[in-house]
Amino acid sequence: MAADIEPSANTSEKTLKRKRAVAPRDAARKMIKPMRSIAIFGAVGALVAAVALPAYAASSETVDAAATLQQIATDDAQSLVVASAATSAPLDRGTYSATTPEEIEKKKAEEAAAARAKAEAAAAAASASSSPRGVDTGGYGIVSPGSGAVRYPLPPGSYTEGRTISGGHDGADMLANAGTPIYAAAAGVVRVSSESHYGYGVAVVIDHVIAGQRVSTTYGHMTHGTRVVSAGQTVAAGQMIGQVGSTGRSTANHLHFEVWVGGAKMEPYAWLRANAG
């Protein structure tokens, strides 16, 4: 009986020793497994981060670059971000300072009237400085300019050239102040001296013979009571015959001066320049 118990006891002791020897190895195996899992997860995480971070960085740079060319709402929703090359364009408000339609229309009308007046003045100047159509200015010269045979009917610098012959207007209008002295353009005989000579009003008509050609000159719109010559009187070139006025068919002070050579109407300004100099 004791023999049976002793081997059994020995066997139990051996088994207990074996279990004690195996226990540390099992415990070590159990600790290694969790650490291995942690290491694997850490390696996978590092790999994912290495792949994802460059792509995220590139994407972030693209967004930032594009944002500088657009309107960006920051903390202040009214902010506006524009490209540095952008410039502000001036607002064209036109040439009118008026603020109402009525004022603008009035301004336009004033400018149109000014433009018409300027055009009319230019046309009058062109008409005064050139010979009219239908008038032959060739052969206007009868005597040498400056010889004294032909004189200007008004003092130099005392008048402004107005309109010349055109249509029913047979002379040149020499604009001058009332009372400016009028002179005979050449030597001759007074044919008409009247206080009322048709539409000429106070007028004088003189017949001349210049270089063998029959010439007639007319002086119209004189001031009443200023005539100092009478019909049939002989006058010299440059002799005073009256004063500038605005009688007859006249609206302003001026001398209406006509020149006829051999019964043909001459353009007075051109005739005076050709013969008086």
Side-chain angles (χ1 to χ4, degrees), residues 106 108-135 137 140 150-186 188 190-207 215-231 235 238-261 264-273 276:
K106 182 180 179 181
K108 287 182 178 179
E110 291 174 353
E111 290 186 355
R116 284 195 301 270
K118 185 177 180 180
E120 289 173 0
S127 176
S129 62
S130 62
S131 299
R133 295 180 181 179
V135 177
T137 59
Y140 269 24
V150 175
R151 311 282 185 87
Y152 281 88
L154 294 180
S158 67
Y159 67 94
T160 301
E161 293 186 359
R163 65 171 179 163
T164 187
I165 60 175
S166 60
H169 193 253
D170 295 333
D173 291 340
M174 306 176 78
L175 312 179
N177 294 329
T180 301
I182 301 172
Y183 306 110
V190 177
R191 174 158 48 98
V192 176
S193 180
S194 171
E195 288 290 298
S196 181
H197 184 57
Y198 304 107
Y200 298 105
V202 179
V204 170
V205 179
I206 304 175
D207 293 328
V215 179
S216 174
T217 56
T218 301
Y219 312 79
H221 308 311
M222 294 182 184
T223 299
H224 285 294
T226 62
R227 290 176 300 113
V228 292
V229 295
S230 57
V235 296
Q239 181 178 332
M240 182 177 172
I241 60 175
Q243 296 177 12
V244 171
S246 182
T247 57
R249 276 184 211 163
S250 172
T251 58
N253 293 312
H254 70 284
L255 169 64
H256 176 87
F257 180 64
E258 293 182 10
V259 179
W260 299 76
V261 177
K265 180 171 53 181
M266 299 285 109
E267 198 285 299
Y269 294 127
W271 186 83
L272 287 170
R273 283 192 284 268

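Given the structure is predicted, the values throughout are model-derived calculations rather than measurements.
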For [X], enumerate each residue passing the side chain to side chain donor-acceptor pair (under 3.5 Å) test, keeping only those at least two apart in sequence or located in another chain.
X      : answer
Arg191 : Asp207, Ser216
Gln243 : none
Glu195 : His224, Arg227
Asp170 : Lys265

* Asked: Taking all atoms of both residues into account, what is the closest heavy-atom pair of Pro268 and Ile165, and its distance?
  ->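 Looking at all heavy atoms of both residues, the closest pair is CD-CG2, 4.2 Å.
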* Looking only at non-hydrogen atoms, find the nearest pair between Pro153 and Leu255 and report the distance. =>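 Residues Pro153 and Leu255, closest heavy atoms: CB-CD2, 3.9 Å.
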Can you tell me how far apart [atom1] ([X]) and [atom2] ([Y]) are? Round to the nearest 0.5 Å.
X      : Y      : atom1 : atom2 : value
Ile182 : Leu154 : CD1   : CG    : 6.0 Å
Arg273 : Tyr140 : CZ    : OH    : 10.5 Å
Met174 : Thr164 : CE    : OG1   : 10.5 Å
Thr180 : Asn253 : OG1   : CG    : 8.0 Å
Ile241 : Ser230 : CD1   : OG    : 12.0 Å

* To do: Go through the structure and list residues passing ring-ring contact (aromatic ring centres under 6.0 Å, His included) with Phe257, not counting sequence neighbours.
  =>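 So Phe257 forms a ring-ring contact (aromatic ring centres under 6.0 Å, His included) with Tyr219.
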* Among all residues two or more places apart in sequence or in another chain, which pass the ring-ring contact (aromatic ring centres under 6.0 Å, His included) test with His254? ->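 Partners of His254 under the ring-ring contact (aromatic ring centres under 6.0 Å, His included) test: His221.
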* Kindly say whether Met222 contributes a backbone atom to a donor-acceptor pair with the side chain of Thr247 at under 3.5 angstrom? =>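 Looks like yes, one N/O pair under 3.5 Å.
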* Sub-3.5 Å donor-acceptor pair from the side chain of Thr218 to the main-chain atoms of Glu258, do we have one? ->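 The answer is no, because no donor-acceptor pair under 3.5 Å joins these two groups.
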With sequence neighbours excluded, what pairs up with [X] under the side chain to side chain contact (heavy atoms under 4.5 Å, CB included) test?
X      : answer
Tyr183 : Pro155, Pro181, Met240
Ala276 : Val150, Tyr152
Val192 : Ser194, His197, Val205

* Quick one: list whatever passes salt bridge (charged side-chain N to carboxylate O under 4.0 Å, His left out) with Arg151, sequence neighbours left out. =>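 Expected list: none.
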* Step by step, would you call Val244 with Tyr159 a side chain to side chain contact (heavy atoms under 4.5 Å, CB included)? -> CA-CA 10 Å; Val244 171; Tyr159 67 94; over 6 Å; no
* **Check: Val215 and Met266 side chains under 4.5 Å, non-hydrogen atoms** =>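 Not touching, per the 4.5 Å side-chain cut-off.
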